[in-house]
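Notes follow the structure.
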Amino acid sequence: MKVFLKTEDEIELMRKANQLVGSTLAELAKHIKPGVTTFQLDKVADEFIRDHGAIPTFKDYPNPFGSPFPASICTSVNEVVVHGVPDKKTILKEGDIISIDCGTLLNGYNGDSCYTFCVGEVTDEVKKLLTVTEQALYLGIDNAVAGNHLGDIGHAVQTYCESNGYGVVRELTGHGIGRAMHEEPKVPNYGVRGNGILLKEGMCLAIEPMITMGDRHIGLMPDRWTIRTLDQKPAAHFEHTIVVRKGKAEILSTFE
Ligand code: LMR
Ligand code: MG
Ligand code: MG
């Protein structure tokens, strides 16, 4: 397993790619409202990313089980956990949640971040799922410091989410990120303190809790992309790309 440590020059390039992801999500936030289709959101993102000189990494991303990803962002509504495919039929309505996962390639380096947005007013139950998932991401990031182990990140995410009665998806993980969107190591959202590789300054990681309101089990839909909860209860997904530092991780994909 090869885990690349990035130089400060590389981190600067990673920051640019990731800030563009952050500003794309901020741009999308302005368009999220009842009546909008996920196809329209994809158009906004694709144009915004290309206008800023980058490539939307998800477009044509290969799928070992089917056709390449047809869009530039993943739009995962309600019970869809990840990899929702934007289309003209999915019209947002009041009370929905939508996780938008976005990736950019800029000057040879990758950005990757996800945010779960509310469409209008959502129930208190759903609000809590989003709050806990976002807090879990930050607890994971707090543990991504030099000298800790990879398992410390997952342990922090898992214990916090499970103590709130939520499910932690096991089949999908965070990852190293750099010249490739998915590099070593895998960054699970569960784990044991002190287990896994030692974290070193300069490791760039995408930390991304995928948390379910009900049971944690997921299924792949016939389009071979969409992954949803089996019990069809909602799921949330928050992701940041960070760089491991001494004392405190630095978030590269700042939102706005
Ligand atoms: C991710 O967060 O890793 C995504 O952006 C892409 C994927 O394959 O889920
Ligand atoms: Mg992502
Ligand atoms: Mg990712």
Side-chain angles (χ1 to χ4, degrees), residues 3-4 14 17-26 28 38 41-42 45-46 49 54-77 80-86 98-106 109-117 133-134 136-138 140-141 144 150 153-154 157 168-189 203-212 218-221 223-229 235-244 249 251-255:
V3 177
F4 300 109
M14 293 284 297
N18 277 285
Q19 280 178 346
L20 178 56
V21 175
S23 48
T24 306
L25 291 174
L28 286 166
T38 52
L41 295 176
D42 181 55
D46 185 270
I49 293 166
I55 292 167
T57 340
F58 297 1
K59 183 85 183 194
D60 298 323
Y61 198 81
N63 181 345
F65 312 108
S67 45
F69 196 74
S72 297
I73 49 172
C74 298
T75 49
S76 304
V77 178
V80 178
V81 184
V82 289
H83 303 169
V85 181
I98 177 170
S99 303
I100 302 189
D101 198 343
C102 178
T104 62
L105 179 67
L106 181 62
Y109 286 84
N110 278 276
D112 187 8
S113 179
C114 180
Y115 193 92
T116 304
F117 298 91
T133 306
E134 191 172 15
L137 168 60
Y138 287 100
I141 293 171
L150 195 63
I153 298 173
V157 172
V168 176
V169 172
R170 303 286 202 278
E171 295 87 343
L172 303 152
T173 67
H175 48 91
I177 176 165
R179 285 194 167 275
M181 181 167 62
H182 295 129
E183 294 184 350
E184 295 296 340
K186 285 194 172 20
V187 183
N189 294 304
M203 283 181 183
C204 288
L205 305 175
I207 301 176
E208 46 181 315
M210 289 155 261
I211 305 301
T212 63
I218 55 172
L220 180 64
M221 296 298 95
D223 67 7
R224 300 275 166 191
W225 278 111
T226 307
I227 291 178
R228 69 152 166 80
T229 56
H237 181 202
F238 286 85
E239 172 180 32
H240 270 312
T241 293
I242 63 101
V243 53
V244 174
I251 298 174
L252 298 176
S253 50
T254 42
F255 184 65

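Counting starts at 1 for both ligands and their atoms, following the listed order. Just so you know, residue 1 is the first one in the sequence shown, and it goes up from there. Only heavy atoms go into these numbers, but all of them, side chains included; no hydrogens, no water, no symmetry mates.
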**Asked** Do D112 side-chain atoms and I177 backbone N/O form a donor-acceptor pair below 3.5 Å?
**Response** no
**Asked** To the nearest 0.5 Å, how far apart are CG in L106 and CD in Q19?
**Response** 10.5 Å
**Request:** Flag H175 as yes when one of its N or O atoms lies below 3.5 Å from any N or O atom of ligand 1, and as no otherwise.
**Result:** yes
**Fill in**
For D101, the N, O or S atom at the shortest distance from the Mg ion (ligand 2) is OD1
**Item:** From the candidates F58, F69, W225, the one that places a heavy atom nearest atom 5 (O) of ligand 1
**Value:** F58
**Prompt:** If only atom types and distance count, is the side chain of N189 paired as donor or acceptor with the main-chain N or O of G154 below 3.5 Å?
**Reply:** no
**Request:** Could you tell me whether a side-chain N or O of S253 sits under 3.5 Å from a main-chain N or O of G22, the two making a donor and an acceptor?
**Result:** no
**Asked** Just by modelled atom types, is the A236 backbone N or O under 3.5 Å from a matching donor or acceptor in the S99 side chain?
**Response** no
**Prompt:** When you draw lines from the Mg ion (ligand 3) to OE2 of E208 and to OE2 of E239, what angle lies between them, to the nearest 10°?
**Reply:** 90°
**Asked** Looking at V80, I98, T226, which one forms a side chain to side chain contact (heavy atoms under 4.5 Å, CB included) with T75?
**Response** I98
**Message:** If we only consider heavy atoms of D112, is any one of them less than 4.0 Å away from an atom in ligand 1?
**Reply:** yes
**Asked** Which of the numbered atoms in ligand 1 are below 4.0 angstrom from a heavy atom of H182?
**Response** 1 (C), 3 (O), 6 (C), 7 (C), 8 (O)
**Request:** Could you say whether the N/O atoms of H83 and ligand 1 ever approach to under 3.5 Å?
**Result:** yes
**Item:** Atom indices of ligand 1 within 4.0 angstrom of D101 heavy atoms, with elements
**Value:** 1 (C), 2 (O), 4 (C), 5 (O)
**Asked** Can you give the angle H175 NE2 - the Mg ion (ligand 3) - D112 OD2, rounded to 10°?
**Response** 90°
